[in-house]
Amino acid sequence: MTAPTLAPANPVSIWDAAHAADARRPRSVQTQLGASDTICSRRSGYILAGAERTNSGDKRAAILGTYIHKGLLEDARREYGWLVERTVADDALHGHIDVVQLDTATAARLPKRHGPVEPAEVVTVEDVKTKSSRVWDRVVRYGPTAAEMRQVLLYAGLLRTVGFADIPGQRHLHRLGPIDVQRIRFRFVCRDTGEEHIQEFPFDEWLGVEARWWVDRVLEADFPAELRRDHDGPGLSVICDNCPFVDACWPGAAPGRPAQTVLIHDDEDRAKALADYVRAHERYRESKRVKETVRAMLDDSPEGNYGDNHLGWGGGHDKEETDVAAMVEQFEDADLVVPMVPDTDSMIHILRRAGMVVPRRKAAGQKTARSIKISRARKAA
């Protein structure tokens with residue numbers, strides 16, 4: 001017996017509650033520049049100008065990432081004694097560092113109850129990033145983006161110059177003064193599989209100066225429009241699609257036209273765009289040629305690790321097709337009118353509307369296309 005399914009008259013989405021809570025978080029309403037806002041120069045300019053936020057975007061993935069992030073950090077705080085979600089700030093910039101791991105000498109300056117279970121070799125600033133499996137291979141291969149690196153360098157720079165902010169809950173940390181950060185670390189966590197990938201870098205003072213120079217250029221701008229757009233715009237960049245200032249940043253496009261049309265002002269712009277297109281197409285053509293050649297070379301190679309990469313194969317399975325004869329039998333059993341000339345598409349539509357399973361069968365002698373799958377070399381079990 002199958003229980004009847006009830007559809008609520010006015011269903012409430014749990015995401016409405018999640019989005020409402022997210023909108024009240026400090027980062028959603030702040031007008032001071034945060035280190036995590038340095039993903040785009042112009043976006044930073046809009047924040048400093050107090051511009052109206054007109055685009056809420058689709059924040060579901062980001063909200064899930066926030067929940068995972070918060071849970072992982074809290075558990076790490078309890079188990080390891082790490083300093084998590086600690087505030088740093090100066091007159092122009094503020095931020096919340098995910099993790100600070102103190103070395104033995106610095107930890108010894110704190111009351112024992114505030115020290116780590118195991119001190120780090122050197123003072124380390126860590127940022128935890130959650131990523132989807134769609135971009136995981138790129139993350140593992142190439143590490144943090146320029147914006148992610150800049151964010152952590154700014155955190156480390158603030159700790160090195162002013163130390164922890166003087167606010168309730170961390171006065172004992174503020175009394176330490178400037179902290180000699182020697183290492184930065186990225187801890188990437190895949191939201192879909194839970195896989196963890198860690199990358200560490202020694203703190204580079206020149207890179208720290210460069211990150212701060214980026215912030216100074218934003219602060220010097222009189223208007224947000226003076227600052228460059230660091231991404232390709234709505235429809236081409238998910239960052240722009242979800243930016244709260246996208247309407248102000250990309251105004252004036254004709255209805256139905258891409259936002260990027262506002263970048264073309266005259267024939268000189270058109271000539272430059274066409275030249276860019278031709279160069280990109282030539283690089284694409286050459287890349288496509290190389291990939292097709294390599295794919296042919298590897299066709300009879302077994303799966304496995306080869307150097308820095310893992311070779312895998314997909315597809316090659318029995319291909320399925322709609323079983324028209326079985327579908328006709330279903331129509332007859334259900335007293336449905338069978339077309340004189342079977343119309344597969346309409347019959348499938350009727351069966352699905354009736355809640356019936358569309359019969360399938362293996363297509364004689366046909367296989368799905370074999371596809372190559374290349375990823376970073378896997379660790380030996």
Side-chain angles (χ1 to χ4, degrees), residues 14-30 33-40 43 47 56-89 93-102 116-117 120 124-140 142-156 158-159 164-165 167 169-170 173 181 183-201 238-239 241-244:
I14 200 169
W15 283 112
D16 293 339
H19 280 102
D22 184 75
R24 292 191 296 271
R25 290 192 176 99
R27 71 163 183 266
S28 297
V29 295
Q30 69 192 31
L33 189 61
S36 60
D37 298 315
T38 59
I39 194 170
C40 171
R43 176 172 173 167
I47 291 173
S56 58
D58 184 351
K59 296 184 177 180
R60 286 175 293 184
I63 290 172
L64 285 175
T66 298
Y67 295 156
I68 297 170
H69 191 270
K70 183 177 180 180
L72 290 174
L73 290 182
E74 180 58 24
D75 288 344
R77 183 191 67 78
R78 287 197 298 260
E79 297 296 322
Y80 305 143
W82 292 353
L83 301 175
V84 305
E85 290 289 353
R86 294 299 181 172
T87 302
V88 288
L93 189 67
H94 79 282
H96 302 283
I97 305 177
D98 286 347
V99 176
V100 179
Q101 295 184 37
L102 301 179
V117 174
T124 303
V125 167
E126 176 175 317
D127 200 43
V128 178
K129 299 289 187 187
T130 61
K131 300 287 184 177
S132 70
S133 56
R134 180 176 57 84
V135 300
W136 188 249
D137 185 65
R138 178 184 60 76
V139 169
V140 172
Y142 305 115
T145 64
E148 290 169 340
M149 179 66 82
R150 179 166 53 243
Q151 176 185 351
V152 180
L153 287 168
L154 290 171
Y155 287 149
L158 287 170
L159 263 186
F164 292 98
I167 60 174
Q170 58 176 51
L173 298 174
V181 178
R183 180 182 296 160
I184 60 176
R185 175 187 298 133
F186 290 88
R187 188 181 302 270
F188 298 103
V189 178
C190 182
R191 288 193 295 267
D192 304 310
T193 65
E195 187 176 350
E196 182 182 36
H197 176 66
I198 298 172
Q199 285 193 317
E200 294 183 347
F201 306 89
V238 68
I239 293 172
D241 289 338
N242 295 304
C243 177

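When every heavy atom of A165 is checked against every heavy atom of Q170, the shortest pair comes out as O-NE2, 2.8 Å. T38 and A147 get closest at one heavy-atom pair: O-CB, 4.2 Å. Counting all heavy atoms, side chain and backbone alike, L102 lies closest to P116 at O-CG, 4.3 Å. Contact record, I184 with M149: CD1-SD, 3.6 Å, taken as the closest heavy-atom pair. Considering every non-hydrogen atom in both R191 and I68, the closest pair reads CG-CD1, 3.9 Å. Among all heavy-atom pairs drawn from H94 and A89, the shortest one is CB-CB, 3.7 Å.
Rounded to the nearest 0.5 angstrom, H96 NE2 and E85 CD are separated by 7.5 Å. With rounding to the nearest 0.5 angstrom, the CG atom of L158 is 5.0 Å from the CG atom of L93. We find the CG-CD distance between D127 and Q199 to be 12.5 Å, quoted to the nearest 0.5 Å. Note: Q151 CD to I97 CD1 = 10.0 Å, rounded to the nearest 0.5 Å. Within the model, atoms CG of L173 and OG1 of T87 stand 10.0 Å from one another, a figure rounded to the nearest 0.5 Å. One distance of note links NE2 of H69 with CD1 of I63; it measures 15.0 Å at 0.5 Å rounding.
Applying the side-chain contact (heavy atoms from CB on, under 4.5 Å) criterion to E195, with sequence neighbours excluded, gives W136, C190, T193. Qualifying side chain to side chain donor-acceptor pair (under 3.5 Å) partners for S132, counting only residues two or more places apart in sequence or in other chains: none. By the side-chain contact (heavy atoms from CB on, under 4.5 Å) test, V99 is found to be paired with L73, W82, V84, Q101, E126, residues two or more places apart in sequence or in another chain being considered.
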Tell me, with the steps shown, if I198 and R185 meet side chain to side chain contact (heavy atoms under 4.5 Å, CB included).
CA-CA 7 Å; I198 298 172; R185 175 187 298 133; 3.8 Å; yes
How far apart are the C-alpha atoms of R86 and I167, what are their side-chain angles, what is the distance that settles it, and do they pass the side chain to side chain contact (heavy atoms under 4.5 Å, CB included) test?
CA-CA 10 Å; R86 294 299 181 172; I167 60 174; over 6 Å; no
Residues V100, L159; criterion side chain to side chain contact (heavy atoms under 4.5 Å, CB included); working and verdict:
CA-CA 10 Å; V100 179; L159 263 186; 4.0 Å; yes
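The number of heavy atoms from other shown groups lying within 6.0 Å of CZ (R78) is above 12.
For the pair V152 and F186, the minimum side-chain heavy-atom distance is below 4.5 Å. A heavy-atom distance below 4.5 Å is not found between the side chains of V181 and T124.
The pair D75-R77 fails the salt-bridge criterion, with no side-chain N (NZ, NE, NH1 or NH2) lying under 4.0 Å from an Asp/Glu carboxylate O. A salt bridge is defined here as a Lys NZ or Arg NE, NH1 or NH2 lying under 4.0 Å from an Asp or Glu carboxylate O, and R187 with E148 fails to meet this definition.
Put simply, the side chain of N242 gets close to the backbone of V238: a donor and an acceptor are under 3.5 Å apart.
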